[in-house]
Amino acid sequence: MHDDSAGAKTQFQALYRVFLLRVVDLELLSADADTTRMLGQFAAIFAAVSFALTAPLIIVGGLPKEALWTVEHFLFALTMVVVGLFAVLSWESIFPTRLDLFVLGPLPVRPRLILSAKLAALTAALAISAVALNVFTGLIWPLLFSPPHSGFLGAVRSLGAYWLTVIAASTFIFCCVLSLHGLASQLLPRQQFLRLSIWIQLAALCLLLGAFILEPSLESSAALSAPGNQALLRALPSYWFLGLFQSLNGSMEPVFVPLLRHAYAGLSLAILMSMITLLLAYSRSLNRIVEEPDIVPALRSSGWLRSRKRSVQLPLVLFSIRTVLRSRQHRVLAALFLGLEFAIALVCMQGSPGEHGVLPGSVDGHMPVSFVIAGLLIMIFTILGTRFLFTVPMTLRANWIFRITEFYSPAVYLTMVRRSFYAIAVTPVWLLLSCFTLARCPSWAALAASAVLALVGIIMTDLCLWGFRKLPFACSYSPGNGNLHVVVWGTLFLLIPLIEQAAMAEGTSLQSYAGSALMLSSLGVCAFAVRRQTNRRAHANSKGLLFEDIREEELTSLQLAATPTSSSQRADR
Amino acid sequence: MLELRNICKSFSGIPVVKDVSFSARAGEVTGYLGPNGSGKSTTMKIITGLVDASSGEVFFAGKRIRDDLTRYRQRFGYVPEEPYLYTHLSGLEYLEMVSQLRGLQGRKAAERIDSLLRLLSLHGDRDVPISAYSKGMRQKVLLAAALMHNPDLMILDEPFSGLDIGSALILKSLIQVLAARGKVVLFSSHELETVEQISSRIVILHRGRVVADDSVEHLRTLMSAPDLESIFSQLAIEQDSVAISNQIADLIHA
């Protein structure tokens with residue numbers, strides 16, 4: 001008996017380590033990939049956010065009670081949205097893959113042990129992100145949240161209450177995601193579930209981000225006790241955990257009592273539901289995972305594609321579209337970008353129509369310039385997201401077929417990749433936004449705005465292709481090389497304000513024919529120049545395509561020693 | 001003719017292919033043999049241009065392949081050791097992609113793919129994703145992809161792996177037919193009986209070096225060996241297989 005439990009513990013530890021390390025798909029990585037560095041960059045971003053949220057405290061010093069409630073609520077809501085996003089994005093890792101089952105199936109490992117190890121690994125990964133996000137806020141703000149005159153013990157209690165609430169809120173959102181996943185996998189046939197999974201994920205992402213951005217500020221005694229707000233408060237879990245914190249912190253007021261009840265009931269229900277659905281899903285899904293392929297069966301290829309005269313570029317464009325549509329991993333990443341774009345659109349549309357003015361010809365002010373800003377941001381982020389998506393490989397070892405068929409010049413491959421960008425990112429976004437704009441504002445200004453959007457798409461695509469020597473999904477991925485933190489902060493503090501300024505300038509230009517004509521001609525010239533430069537650079541490329549993302553050598557060895565040096569070894573590889 | 005001259009290859013300073021030279025002629029089937037880790041697949045990858053040799057040159061039709069790699073790539077068909085394919089595509093989609101990448105267009109290419117799929121008994125599963133294919137079916141997709149452009153040189157790395165008996169018989173015959181039609185065929189396999197049956201010439205690699213390069217008949221006479229298995233055992237197997245099996249059995253019993 002003792003040997004059995006010791007054996008199970010050893011098995012659990014081994015599986016836990018394997019599953020935790022599988023946060024990053026090792027099959028995709030370049031030989032040079034630095035996973036630790038990438039994870040460190042993620043943690044650094046969260047810690048920096050945490051620090052940025054703590055800094056105002058140093059400036060402000062103290063805050064009135066209701067302002068403190070706002071901060072408390074914001075911190076819990078932020079934790080919930082981050083943990084929720086991670087849970088949704090990683091929900092595929094709740095179930096073992098076919099490979100897991102083929103490897104572990106013949107071994108004497110009980111399915112419930114696999115489930116426990118999977119859950120523990122996922123929980124650990126989510127806990128790391130929650131801790132990183134609260135590393136500064138969770139140590140400094142709670143000192144201010146303690147009830148007045150409660151002294152040192154009050155501060156300690158507040159600290160404990162804060163972290164308990166963070167754990168409870170994270171557990172609630174994690175369990176909700178597990179329940180959603182478990183229910184969907186039980187109610188739908190597996191192939192349908194695989195097909196619809198991405199849409200459920202996308203809907204969950206939009207719901208989380210939408211709720212976070214749009215939820216009203218009710219952090220005052222009057223708003224919390226107003227009868228008209230009670231239905232809303234029942235529907236917003238972030239407020240429940242504000243109530244829980246007040247209770248644990250010892251600063252409970254009557255307005256929080258219903259919220260506290262919701263918190264306990266919601267948490268219990270979420271845990272119960274997730275356990276039931278997960279156990280059901282596990283007991284019923286393992287065989288289906290082994291028996292059925294992971295990828296949705298191909299639809300019969302449409303005749304028009306075959307009957308068309310094929311251009312050299314077509315195979316790569318089709319390959320890119322099929323990969324985005326069928327690869328689970330790429331669809332999840334695409335969903336993340338779509339969710340972020342949805343959030344951007346919401347943030348932009350939240351402003352009042354009068355803030356930036358409206359487009360000429362807009363009926364009843366239905367087409368504010370803020371929509372133009374949102375459109376530009378969506379177009380640019382879709383292209384950047386597609387650029388990132390293209391660098392994440394699909395079945396890396398299968399890229400030998402592209403290597404042995406590298407018959408064309410770099411310029412031809414550049415055109416292939418450019419068309420893939422147009423097919424996946426630029427055209428769908430442009431069509432969607434243009435139709436929406438023209439439907440709401442059928443005027444010359446809307447036409448001009450739509451032309452601007454197309455030109456911006458063309459320019460951004462060519463900028464993304466600057467020095468891009470890869471084929472989509474066919475080069476190994478080196479996550480540590482991306483300097484993720486630089487990209488994130490650059491986007492937040494440089495790119496978004498820049499786009500906002502440009503969009504406002506566009507809004508101003510669209511107010512007159514002359515302004516619109518000038519803007520369109522300037523963008524046209526710019527698009528032509530960027531295209532020309534990108535093509536010129538591709539023609540000058542004598543190195544061919546890149547299939548292995550290896551960092552450029554920072555040191556050059558003089559190779560004075562007789563033994564092989566690191567650089568010569570790398571050349572060997 | 002395909003010719004390798006003094007090919008050497010090291011990985012991280014460790015030599016895996018050492019001064020390998022041999023040639024494979026048009027109209028002949030050249031069998032390339034060697035134990036695991038002898039450098040066979042690395043040599044195959046060097047021949048396809050997927051891996052660069054540390055030193056030495058590969059020539060095809062009298063020209064260095066590095067001088068015009070693009071032209072060379074258009075002339076060979078390759079079946080790799082492992083069936084790495086884009087499994088999210090169907091068999092038909094994969095072959096269409098390869099044909100388009102190879103510049104084959106129009107009705108003729110479509111008909112050729114369709115016929116290959118029928119002849120290799122894949123037509124019924126042409127729209128099923130490759131992820132659902134068995135190993136043998138994947139091997140057939142690779143074979144179809146390697147053949148569709150009528151290459152002058154066939155490089156087959158373990159082509160029989162996973163094939164059922166019927167398909168293996170077809171492939172055996174196909175290799176001989178291709179050679180008879182003037183193509184250069186280089187193939188590696190661990191199935192010595194098959195290699196002996198269809199190869200005109202044998203190259204045996206051991207620890208990265210060529211230890212035999214001759215016809216099977218001549219090797220048999222030279223080494224007084226009844227068959228290829230005996231020749232291979234003498235040249236490339238250093239261990240006493242019976243002793244090792246006994247040691248393994250003893251170990252797991254202990």
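Throughout, protein chains are lettered first and strands after them, A, B, ... in sequence-line order, and every chain is numbered starting at 1. For clarity, every value in this text was computed on a predicted model and none was experimentally measured. The basis for the numbers below is simple: all heavy atoms, side chains too, and nothing from hydrogens, waters or symmetry mates.
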Please determine, among B:P83, B:A53, B:P80, the option with the most heavy-atom pairs under 4.5 Å with chain A.
B:P80
I'd like to know whether CZ of B:R71 has more than 12 heavy-atom contacts from other residues, nucleotides or ligands below 6.0 angstrom.
no
In Å and rounded to the nearest 0.5 Å, what is the [atom1] to [atom2] distance from [X] to [Y]?
{"X": "A:I404", "Y": "B:R102", "atom1": "CD1", "atom2": "CZ", "answer": "5.0 Å"}
{"X": "B:M97", "Y": "A:T405", "atom1": "CE", "atom2": "OG1", "answer": "7.5 Å"}
{"X": "B:L142", "Y": "A:W400", "atom1": "CG", "atom2": "CH2", "answer": "5.0 Å"}
{"X": "B:H88", "Y": "A:F319", "atom1": "NE2", "atom2": "CZ", "answer": "4.5 Å"}

Please give me the minimum heavy-atom distance between B:T70 and A:E406, naming the atom from each residue.
OG1-O, 3.9 Å
Minimum heavy-atom distance between A:T395 and B:L85, given as atom pair plus value:
CG2-O, 3.4 Å
Using non-hydrogen atoms and a 4.5 Å limit, figure out which bit of B:I130 sits close to chain A: side chain, backbone, both or neither.
neither
Give, as side chain, backbone, both or neither, the part of B:Y94 having an atom under 4.5 angstrom from any heavy atom of chain A.
side chain
Without swapping roles, check the side chain of [X] against the backbone of [Y] for a donor-acceptor pair under 3.5 Å.
{"X": "B:R73", "Y": "A:R403", "value": "yes"}
{"X": "A:R397", "Y": "B:Y84", "value": "no"}
{"X": "A:Y408", "Y": "B:L101", "value": "yes"}

Evaluate the side-chain contact (heavy atoms from CB on, under 4.5 Å) criterion for residues A:L316 and B:Q100: first the C-alpha distance (whole Å), next the side-chain angles of each, then the deciding distance (0.1 Å), finally the verdict.
CA-CA 9 Å; A:L316 206 70; B:Q100 289 162 12; over 6 Å; no
What orientation do B:Y86 and A:F402 show, parallel under 30°, tilted 30 to 60°, or perpendicular over 60°?
tilted
Salt-bridged, B:E93 to A:R322, with N to O below 4.0 Å?
yes
